[in-house]
Amino acid sequence: MADILVLGAGLNGLATAILLARDGHQVTVLERDPAEPRGDNEALWTSWERRGVNQFNQLHFLLPRWTATMTAELPEVVAELEGRGGTRWSVVHALPEHITGGTRPGDERFETVTARRPVIEAAIAAVAARTPGVSVRRGVRVTGLLTEPGPEGVPHVAGLPHVAGVVTAGGPSEHADLVIDATGRRSPVAGMLEAAGARRPHEEREEAGFIYYCRHFRARDGRRPEVTGLVLQHFHGFSVLTLPADGDTWGVGFVASSRDRELRGLRDEAAWARAMALIPGMETWVDGEPISDVQVIAGIEDRYRRYVVDGRPVATGLVAVGDAWACTNPSIGRGASIGLLHALLLRDVLRETSPSDALGLVRAFDAATEEGVTPWYQATRAFDRHRIAEIDADLAGTPYRTPDPAWAMTTALYAAALRDPGALRAQSDIGSLLAMPPQALAAPGVLERVIALGANAPRYPEDAPRHDELVAAVEDRDAPASAHPPAPMRLFVRDGGEGEPVLLLHGWPDDHHMWRHQVAALTNAGYRTIAPDLRGFGASDKPEDVGEYTMLKVVGDLLALLDRHGVRRAHVVGHDWGGAIGSTLAALAPGRVSSLTCLAVGHPAAFRDAGWDQRARSWYMLLFQFPGIAERWLSQDDFANLRAWSRHPEIDDVVGRLRTPDALTASLGLYRAVLPPESVLGPPPPLPPIQVPTLGVWGSQDFAVTEQAMTGTQQHVAAPWRYERMEGLGHWMPLEAPERVNALLLSFLNSARRAAEAVKTSPAA
């Protein structure tokens with residue numbers, strides 16, 4: 001067993017020390033701040049000074065992942081915290097039952113025990129004091145690192161220092177087999193390494209951009225606040241935190257952009273109270289006895305360090321855990337949970353690799369970190385980047401646009417969480433650090449409900465204040481007139497026939513009229529046809545904001561359309577953009593799709609991965625990104641370029657629809673929202689495999705799409721796949737050869753129907 005030094009007696013440092021001591025190591029914890037945790041919770045709150053922790057008296061929350069992990073590994077910490085008044089709380093069942101849908105199996109995973117930071121730290125310190133093998137020494141300031149050649153028997157690597165201990169101010173040097181940096185987000189150890197002759201760790205650092213204005217309260221009559229929303233709620237230009245704490249206390253705070261000068265008046269208690277009074281559901285949260293003034297924290301960084309650079313450690317004998325390794329915006333306790341997971345990884349690595357294997361230990365811990373906790377840091381940082389950019393866009397009065405489809409799903413899930421119990425649990429799994437989004441959204445039907453309820457929902461509650469109204473409250477003046485909420489999207493739909501429904505999705509630059517030959521054949525064969533004009537086309541609404549044309553919003557339109565028409569499942573047939581949209585609909589909402597037919601264009605990922613020939617044919621997609629220029633190129637000389645390039649068999653009808661500038665610009669919205677140039681550089685949007693019978697059809701004379709772009713769709717289908725190459729046909733095959741397309745389509749739909757009926761009548765069914 002090893003002699004180990006842990007630098008920092010915060011949450012992660014103490015948890016690391018206890019875990020390693022339980023494995024038989026001798027652990028000494030050195031803490032710069034001299035004060036001991038003494039007295040009851042009130043004394044801890046008012047008297048315990050932790051100058052090394054700038055967020056010590058700020059809002060804190062322990063996520064269910066932290067509580068579940070502690071319960072499994074160090075249950076006495078959870079017991080100690082509850083014994084000190086820690087509140088047991090369910091992030092789901094704190095909400096009213098009409099939102100949660102009642103108790104469901106597995107809901108216990110959403111329970112946590114939480115408290116104010118001084119109480120949490122005192123609880124862990126009490127367990128550490130009782131743990132054999134742990135010694136905590138406070139008031140010891142580390143000023144440097146002791147370095148020497150590697151341990152005996154280990155080949156020395158030229159230029160690679162080995163950390164053998166630390167130098168302290170006014171005291172003796174401390175030697176150790178391993179030094180663990182747990183000094184938090186302000187860790188000075190990277191500089192100490194450099195001073196000792198080591199290469200500086202790889203570092204990524206950026207301003208998070210947030211500022212917090214927070215207060216703590218105590219119940220006047222013992223009653224806790226009424227919970228009506230998620231612990232982190234988003235509004236136009238700001239967010240609000242509502243967090244339970246120990247005993248009868250809780251915390252409330254505004255989260256704003258640090259660049260927002262107009263809200264800096266929130267530092268004033270009266271201004272803070274006026275502003276909070278505007279937030280729906282906050283009445284009981286501010287109806288308590290204040291136990292703090294408005295506490296402000298700013299200058300928050302997202303920072304990540306890696307101690308193995310280009311495969312080579314910067315030093316041996318030293319590792320970093322928790323915020324000393326990577327830190328993010330501390331909004332809802334993710335740092336404490338990630339830090340605890342990191343400490344467990346170190347414990348497990350030390351079970352396999354002794355500190356005497358100096359190189360092996362650092363490399364093994366780096367690999368475990370990158371696999372086990374770096375993805376959580378990256379997910380948190382990605383959310384922070386999007387949210388602060390969105391807030392800044394709100395302040396600028398412009399829509400927030402991003403090519404990242406994950407943000408569209410994030411906002412849709414947030415909107416759906418209070419409307420659907422399954423979406424609430426998916427949101428809570430992600431927010432509680434219990435699951436990444438793909439796992440949280442994998443439950444049957446959840447994705448469909450998220451898109452149907454959230455993709456086109458208002459980003460912010462309609463009864464909540466906008467940023468300018470909040471500013472007016474801060475400045476104690478009359479609020480400006482409220483903006484009118486946007487009207488629901490209206491889609492023109494041609495609905496005809498009776499029988500199994502077939503949803504027909506056109507592409508660019510068409511509308512529902514392109515399907516007239518297929519509609520006649522399908523209705524005569526006993527099918528019901530539903531042919532909408534997609535948003536931005538034909539007689540449907542044409543939003544001005546490019547952000548209104550994302551794939552998720554279009555799919556949300558279709559799910560809402562099916563609901564309005566009383567259709568639970570439909571065969572989906574798509575041409576051009578309709579093929580990509582239909583593929584996405586089938587992947588995200590498999591319960592709503594009976595079969596999928598893609599004409600000319602198939603799965604978006606297959607199109608993306610089709611190689612340089614496809615990129616060369618897609619030159620026009622780059623042109624379409626330039627507002628005004630694209631419209632001018634397409635429309636000049638009576639649309640001469642469009643006529644010559646597109647080879648559309650009904651180009652006069654198309655031109656007639658596109659003559660008005662708003663119609664032409666709206667029709668390009670899909671290209672600009674879904675396929676901006678930066679989308680080529682990032683990973684493709686992750687989609688579940690398609691689970692329904694799928695037909696891909698491609699014309700050998702297609703000028704815009706390669707055969708590989710269609711045949712590659714098979715790789716994304718986990719169901720029967722059929723491919724048909726139509727010799728001699730081009731891109732517009734439903735119009736060029738309607739009889740051939742109709743015969744193929746009816747053959748496929750009838751076979752899909754027979755297969756579905758066979759499944760229904762089989763003994764297994």
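Note: hydrogens, waters and symmetry copies are ignored here, and every other heavy atom, side chains too, is used.
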With no hydrogens and no angle check, do the side chains of Glu370 and Thr374 hold a donor and an acceptor under 3.5 Å apart?
yes
As an exercise, state the distance from OH of Tyr307 to OG1 of Thr316, rounded to the nearest 0.5 Å.
14.0 Å
Could you pull out the closest heavy-atom pair between Thr71 and Thr67, with the gap in Å?
OG1-O, 2.6 Å
Could you state the interatomic distance from CZ (Arg305) to CG (Asp323), rounded to the nearest 0.5 Å?
11.0 Å
Backbone N/O of Arg267 and side chain of Trp272: donor-acceptor pair under 3.5 Å:
no
Less than 4.5 Å apart, side chain to side chain, heavy atoms only: is that true for Pro290 and Glu269?
no
Please determine if Arg199 and Asp310 form a salt bridge, counting it only when a charged side-chain N lies under 4.0 Å from a carboxylate O.
yes
Sub-3.5 Å donor-acceptor pair from the side chain of Asp246 to the main-chain atoms of Gly85, do we have one?
no
Any salt bridge between Arg425 and Asp107, counting N to O under 4.0 Å?
yes
Tell me, with the steps shown, if Val167 and Leu146 meet side-chain contact (heavy atoms from CB on, under 4.5 Å).
CA-CA 6 Å; Val167 179; Leu146 287 175; 3.8 Å; yes
For the residue pair His202 and Tyr304, categorise the inter-ring angle as parallel (less than 30°), tilted (30 to 60°) or perpendicular (more than 60°).
perpendicular
Evaluate the criterion side-chain contact (heavy atoms from CB on, under 4.5 Å) for residue pair Phe61 and Val91; output intermediate values, then yes/no.
CA-CA 11 Å; Phe61 185 67; Val91 297; 3.9 Å; yes
CD of Glu148 to NE2 of His162: how many Å apart, nearest 0.5 Å?
5.5 Å
Distance in Å, Glu31 CD paired with Leu7 CG, rounded so as to fall on 0.5 Å steps
10.0 Å
Taking Arg259 first and then Glu207, would you say they form a salt bridge - that is, a charged N and a carboxylate O separated by under 4.0 Å?
no
Any side-chain donor near an acceptor of the partner, Arg334 and Thr328, under 3.5 Å
no
NZ/NE/NH1/NH2 to OD/OE distance under 4.0 Å, Glu301 and Arg303
no
Only counting residues at least two apart or in another chain, list the ones meeting salt bridge (charged side-chain N to carboxylate O under 4.0 Å, His left out) with Glu76.
Arg22
Verdict with supporting geometry, Arg385 and Glu206, side-chain contact (heavy atoms from CB on, under 4.5 Å):
CA-CA 10 Å; Arg385 286 174 171 174; Glu206 62 188 74; 2.5 Å; yes
How are the rings of Phe238 and Phe235 set to each other: parallel, tilted or perpendicular (split at 30° and 60°)?
parallel
With no hydrogens and no angle check, is any side-chain donor or acceptor of His175 less than 3.5 Å from a backbone partner on Gly165?
no
Can any side-chain N or O of Thr87 pair as donor or acceptor with the backbone N or O of Ala245 at less than 3.5 Å?
yes
Measuring from Leu395:CG to Arg261:CZ, what's the distance to the nearest 0.5 Å?
12.5 Å
Check for a donor-acceptor pair, side chain of Asn41 on one end and backbone N or O of Arg84 on the other, with a separation under 3.5 Å.
yes
Please determine whether a side-chain nitrogen of the Lys or Arg among Arg351 and Asp23 lies less than 4.0 Å from a carboxylate oxygen of the Asp or Glu.
yes
What pair of heavy atoms forms the shortest contact from Ala94 to Trp89, and how long is it?
CB-CZ2, 3.6 Å
For Arg88, side-chain contact (heavy atoms from CB on, under 4.5 Å) partners two or more places apart:
Val78, Glu82, Glu111, Val113
I want to check something: taking the side chain as every heavy atom from C-beta on, are Trp66 and Leu11 in contact at a cut-off of under 4.5 Å?
no
Hey, does Tyr414 have a side-chain heavy atom less than 4.5 Å from the side chain of Leu230?
yes
Thr114 versus His60, side-chain donor and acceptor atoms under 3.5 Å:
no
Residues at least two apart in sequence or cross-chain that pass side-chain contact (heavy atoms from CB on, under 4.5 Å) with Pro118, listed by chain then number, are Leu44, Trp45, Trp48, Phe56, Asn57, Arg116
What I'd like to find out is whether the side chain of Leu350 reaches to under 4.5 Å of the side chain of Leu178, using heavy atoms alone.
yes
Applying side-chain contact (heavy atoms from CB on, under 4.5 Å) to Glu42 and not counting sequence neighbours gives Asp40, Thr46, Arg218
Can you name the side-chain contact (heavy atoms from CB on, under 4.5 Å) partners of Glu371, sequence neighbours left out?
none
Over all heavy atoms of both residues, which pair between Trp376 and Ala435 is shortest? Give the atoms and the distance, please.
CH2-C, 3.8 Å
Donor-acceptor under 3.5 Å (Asp394 side chain, Gly237 main chain):
yes
Side chain Ser258, main chain Gly209, donor-acceptor under 3.5 Å
yes
If you take all heavy atoms of Ile300 and Ile297, which pair is closest and at what distance?
CD1-O, 4.2 Å
With a 4.5 Å limit on heavy-atom distance, are the side chains of Gln439 and Asp429 in contact?
no
Parallel, tilted or perpendicular, as decided by the 30° and 60° cut-offs, for the rings of Trp407 and His386
parallel
Listing request: all salt bridge (charged side-chain N to carboxylate O under 4.0 Å, His left out) pairs with a residue in residues 126-139, at least two apart in sequence or in separate chains.
Glu36-Arg138, Glu80-Arg130, Arg137-Glu174
Do Asp302 and Thr380 come within less than 4.5 Å of each other through their side chains, counting heavy atoms only?
no
Looking only at non-hydrogen atoms, find the nearest pair between Leu20 and Arg347 and report the distance.
CD2-CA, 3.8 Å
For Thr16 and Ala343, the nearest pair of non-hydrogen atoms, with its separation, is OG1-CB, 3.2 Å
Between the side chains of Tyr212 and Asn329, does any donor sit under 3.5 Å from an acceptor?
yes
4.5 Å side-chain heavy-atom contact, Val227 and Thr242
no
Check whether Thr183 reaches the backbone of Gly8 with its side chain - one donor and one acceptor, N or O, closer than 3.5 Å.
no
Side-chain touch Val134/Val127, heavy atoms, less than 4.5 angstrom:
no
Between Thr112 (side chain) and Leu62 (backbone), is there a donor-acceptor pair under 3.5 Å?
yes
Reported NE2-to-CD distance for the pair His216 and Gln295, which is rounded to 0.5 angstrom:
6.5 Å
Please check if the side chain of Asp3 supplies one atom and the backbone of Ala176 the other of a donor-acceptor pair under 3.5 Å.
no
